[in-house]
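As the structure lists them, so they are numbered: ligands from 1, and atoms in each ligand from 1. Because the structure is a prediction, the values reported are computed rather than measured.
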Amino acid sequence: MKRYFIAGNWKMHKTIAEAVALASELKDKLADCKEKLMIAPPFTALQAVSKIVEGSNILLGAQNMGPEESGAHTGEISVLMLKDLGVRVVILGHSERRHTYGENDELINKKVRLALSHKLEVILCVGETLEEREHGMLENVIRRQLSEGLKGVELSALKDVTIAYEPVWAIGTGKTATPEDADAVHAFCRQVIAEMYGKDAAKAIVIQYGGSVKADNAAALMSKENIDGALVGGASLKAEAFVPIAKFR
Ligand code: 13P
């Protein structure tokens, strides 16, 4: 049976006390959940949340990472610091990093390779803006983000990579891609992965959907052949919203 990867990206929300409360509630309420689970609190709460989820079925994720191991990089957080805190997964190339903070494919690729070399799992986010979609550029954008983002990544490391398709126009807007539309883009992602790594790798890779995932649309999205999980933003901030998504079946 397919095991889905349901992840919560808390973005810039939660003080340490709030993060601890939410993580504790999720740990209790999701103890019987068989899906692969991850939560990514803000950096400041990683240490506290790490202690809570340690030994549970919830993996600790980080929302970003610097492109170097150490050095003069004011404001950046290193892969070594994340590993030190028990982080297992890092979200890279999120559209908010790309579009608000100007991260390009080259920088994202550097982070991807660094994280994988340290045996962290990577969630590589891809997705088009509304303008790109309306100008017929969807496939070009996705192909570029995948091929540039994964440049230099060996087939043997691909097992530690999850792709998250997050159409920018669906993030935090309440507008979800229809399950059919999302499935079609996921199938296209698989096609690009097949061209890069072969059919078996394309079949095996986990592709999450992200963008206004809620309890009432999760099951329909997850029912699609090419959708293997969800990267949840807003609805991951409260247990009563996130638990039913993780327990969609
Ligand atoms: P929302 O679920 O709030 O639309 O955010 C999606 C997202 O960006 C997850 O990374």
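Applying the salt bridge (Lys or Arg N to Asp or Glu O under 4.0 Å) test to residues at least two apart or on different chains, the pairs with a partner in residues 89-100 are Lys11-Glu96, Arg97-Glu103, Arg98-Asp105. Identified under the ring-ring contact (aromatic ring centres under 6.0 Å, His included) test for residues 188-237, with sequence neighbours left out: none. Residue pairs that meet the side-chain hydrogen bond (donor to acceptor under 3.5 Å, both in side chains) test with at least one member in residues 67-76, sequence neighbours left out, are Glu68-Lys110, Glu69-His118.
One N or O on the side chain of Gln145 and one on the backbone of Gly127 form a donor-acceptor pair closer than 3.5 Å.
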Please give the N or O to N or O pairs under 3.5 Å between ligand 1 and the protein, distances rounded to 0.1 Å.
unit_1, atom_1, unit_2, atom_2, d
ligand 1, 2 (O), Ser212, N, 3.4
ligand 1, 2 (O), Gly233, N, 2.9
ligand 1, 3 (O), Gly234, N, 2.8
ligand 1, 4 (O), Gly172, N, 2.6
ligand 1, 4 (O), Ser212, N, 2.7
ligand 1, 5 (O), Lys11, NZ, 3.3
ligand 1, 8 (O), Lys11, NZ, 2.8
ligand 1, 8 (O), His94, NE2, 2.8
ligand 1, 8 (O), Glu166, OE1, 3.4
ligand 1, 10 (O), Asn9, ND2, 3.0
ligand 1, 10 (O), His94, NE2, 2.9
ligand 1, 10 (O), Glu166, OE1, 3.2
ligand 1, 10 (O), Glu166, OE2, 2.9

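Rounding to the nearest 0.5 angstrom, the gap separating the CE atom in Met65 from the CG atom in Leu114 is 4.0 Å. To the nearest 0.5 Å, atom CG of residue Leu221 and atom CD of residue Glu180 are 9.0 Å apart.
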